[in-house]
Amino acid sequence: MNRADFGVIGLAVMGQNLVLNVEGRGFTVAVYNRTAERTQRFIKEHGIGKKIVPAYSLEEFVGTLSRPRKILLMVKAGAPTDAVLDQLFPLLNKGDIVMDGGNSHYEETERRLTSAEERGLCYLGVGVSGGESGALHGPSIMAGGKAEGYKEVEGILTKIAAQGPQGPCCAYFGPGSSGHYVKVIHNGIEYAIMEAIAEAYDLMKRGLGMTPDEMADVFEAWNAGELGGYLFEITERILRHPDSETGKALVESILDTAKQKGTGKWSTQSALDLGTPSPTVAMAVFARALSGLKEERVAAEKILPGPPGPVEQFPASHKAFVQDLHGAVTLTVLTAYAQGLRQLRDASVERGYNLDLAEAARVWMAGCIIRAKLLVPIEKAFREQPDLPLLLLAEPFLSLWKEHHPALRKVLIQAHEHGIPVPVMSSALDFVDGYRTGRLPANLLQAQRDFFGAHTYQRIDREGTFHTEWEEA
Ligand code: 6PG
């Protein structure tokens, strides 16, 4: 019997598409799913005449794979992943490689990695981005774990990955859960860009009274320029998509509450743990949380007043405002990348990942959800200056900041004046304004902490730690 080169466990759509992708590159793929019906259906619909070997038990699956076995798990993150691993690990031999391709929490990856290594197995946490289409045509792949394990699968992963302007969008990031951590930051940035786009849409819709088609034209133009990227591209397509029932843009019939599976939240939780300022992603996470309070919002609309009357159209001309909005969104997107990469830098030190930030930007250039033209100069900036503290300090981003920050300020003034919430855009400006302020008011915070808790403070004119009996003064 010809043994399979690669095995995939879990045949939901992402798993199925990855199987087809791997097989399409000339490899024989063994497949297993918890429910046999799904395996049978997959083989019937997509497997005929292909080098796909179905297995109906994990024992059979393991038996069909050549050694060292290369197994990719595409099952739900959390308990389902542990359930599969509990059954799978005892069936494997030393040196076999198990890759978790799900959106697993990086701490869970660390735990599983330790338990795999105790058995002599290689465990890789592999972030896979690009949704269903990416899985089939080429995702962005962010791998972490033992380097020897990665070496064994590098050939296959590189072949199935998206081809970017600077090679296959697949990289090994370092030990432990580094791959899954990079994927979490990818998703955090994804949340922030999505929310920035949603805020721009809201400003154009409620502020300028633009129609979905007019807004689609704007996103189309932005996508054609330096801001271009997948999320802008799909936004244009969404805005042009009609509802078959009403004939109007479908997006206007969609409920305004956004769900989340948790990766944006993990990104923010980690930022809080690290003490890294990543407020823009946090605001995007909270914006989704606020969107979930639909009933409360509808009730509060009638109670809490905003600017007088219904939101009126902005006084500025549409064209000038849309131009400013372009600048505002550009800086917000850049700030999201800047904060995400800064967080990766801090996490790398804290967690011993030894991350190459340029490599993160490189694998995000194609295949993944945040793929965008801006990643090309971002990669270059970190390649040239690996210890760059903040993206905006390097060219061409410094020039973009200089060019567009007046526009971002104008847009925010308009938004606040008309009561249209722009949490992500505001947080981006506040963050950069804070970062470029040599003396922040934290001196007062130090004094307050010392006043009520004797937490002590430092002085600007002398070394040492001081305490004042404030009440006596
Ligand atoms: C990707 C996506 C993918 C998925 C997220 C969405 O990179 O392909 O990020 O991982 O769409 O799980 O997350 P939310 O459900 O939290 O928006």
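All ligand and atom numbering here is 1-based and tracks the order in the structure.
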Legend entry - Separation of Glu359 CD from Cys170 SG (nearest 0.5 Å): 9.5 Å
Inset, instruction - Measure the acute angle between the ring planes of Phe89 and Tyr123, then classify it against the limits of 30° and 60° as parallel, tilted or perpendicular. - result: perpendicular
Legend entry - Tyr181 ring center within less than 6.0 Å of Tyr106 ring center: yes
Legend entry - Amino acids in close contact with ligand 1, where any non-hydrogen atom sits under 4.0 angstrom away: Asn103, Ser129, Gly130, Gly131, Lys183, His186, Asn187, Glu190, Tyr191, Gln260, Lys261, Gly262, Arg288, Ile369
Legend entry - Phe219 and Trp222 aromatic ring geometry - parallel, tilted or perpendicular at 30°/60° bounds: perpendicular
Legend entry - Ionic contact status for Asp433 with Arg409, cut-off 4.0 Å: yes
Inset, instruction - Please check if the side chain of Asp5 supplies one atom and the backbone of Phe27 the other of a donor-acceptor pair under 3.5 Å. - result: no
